[in-house]
Amino acid sequence: MKPVELAVAEEPDSVRMPDVQAKDQPLAQCVAATVRRYLDDLGDHAPTNLHQLLLEQLEKPLLAVVMEKARGNRCRAAELLGINRNTLRKKLQQYGL
C-alpha cells in the first residue's frame with residue numbers, strides 16, 4: 001500500500017489569508033479539525049509516520065509565510081521563528097524555498 005499524503009491546496013505566489021471562519025479559531029483547533037478530517041478520510045487505512053508527515057506539511061507553509069512577512073530577510077525570519085539563522089537556511093534549502 002502506498003503512503004497517503006495530506007492534500008494541500010496549491011497556493012499562488014503570494015500566500016492567501018485564511019477565510020473569516022479560520023481567523024476566529026485558535027490555531028490548535030484548526031490543526032485538530034484538519035487532522036480529524038484527514039483521519040476520517042483515511043477510513044480503514046492506518047496512517048504511517050503521521051507525526052513526520054504533519055511536521056513536513058506544517059513547516060513548509062510556515063516558513064513561506066514567515067519569509068513573506070519578513071520580506072525575504074532571513075535574519076528577521078529566524079528571529080520571528082525563534083530559531084538560528086543557519087537552521088532557517090537549512091530548512092529553506094530542504095523545502096526549496
Side-chain angles (χ1 to χ4, degrees):
M1 174 168 53
K2 73 178 193 179
V4 179
E5 293 189 17
L6 288 174
V8 177
E10 292 295 321
E11 294 279 336
D13 290 334
S14 64
V15 179
R16 286 185 228 138
M17 289 297 293
D19 63 6
V20 175
Q21 290 178 347
K23 287 182 192 177
D24 296 336
Q25 294 182 20
L27 182 58
Q29 288 179 349
C30 292
V31 172
T34 301
V35 171
R36 279 190 198 96
R37 188 170 44 249
Y38 174 71
L39 292 173
D40 287 346
D41 289 348
L42 282 178
D44 293 336
H45 299 284
T48 57
N49 270 344
L50 183 59
H51 183 259
Q52 184 64 34
L53 176 66
L54 289 172
L55 290 179
E56 290 170 359
Q57 293 291 314
L58 174 70
E59 195 167 46
K60 184 175 180 177
L62 170 65
L63 294 171
V65 169
V66 170
M67 286 300 295
E68 181 180 296
K69 180 77 173 172
R71 297 183 179 154
N73 183 318
R74 290 182 181 181
C75 289
R76 177 69 180 133
E79 185 179 294
L80 289 170
L81 291 164
I83 62 175
N84 181 285
R85 264 184 325 133
N86 290 327
T87 301
L88 175 61
R89 183 183 55 80
K90 289 175 188 176
K91 289 183 178 292
L92 292 172
Q93 285 178 337
Q94 174 185 347
Y95 293 111
L97 298 173

Would you say L58 ends up clustered with V65 if hydrophobic residues are merged whenever their side chains have heavy atoms under 4.5 Å apart, either directly or through other cluster members? no
With side chains defined as the heavy atoms from C-beta onward, is the minimum distance between L54 and Y38 less than 4.5 Å? no
Pairwise side-chain contact, L39 with L50, heavy-atom cut-off 4.5 Å (strictly under): yes
Side-chain polar contacts of residues 73-84 - donor-acceptor pairs under 3.5 angstrom, sequence neighbours left out - could you list them?
unit_1: N73; atom_1: OD1; unit_2: C75; atom_2: N; d: 3.0
unit_1: N73; atom_1: OD1; unit_2: R76; atom_2: N; d: 2.9
unit_1: R76; atom_1: NH1; unit_2: E79; atom_2: OE2; d: 2.7
unit_1: N84; atom_1: OD1; unit_2: N86; atom_2: N; d: 2.6

Can you list the steps and then say if L97 with M67 is a side chain to side chain contact (heavy atoms under 4.5 Å, CB included)? CA-CA 9 Å; L97 298 173; M67 286 300 295; 6.0 Å; no
Find the distance between CG (L63) and CG (L88) and round it off to the nearest 0.5 Å. 6.5 Å
For residues 80-96, pull every pair meeting salt bridge (Lys or Arg N to Asp or Glu O under 4.0 Å), keeping only residues two or more places apart or in separate chains. E59-K91
What closest approach, in Å, do Y95 and L55 show between heavy atoms, and which atom pair accounts for it? OH-O, 4.5 Å
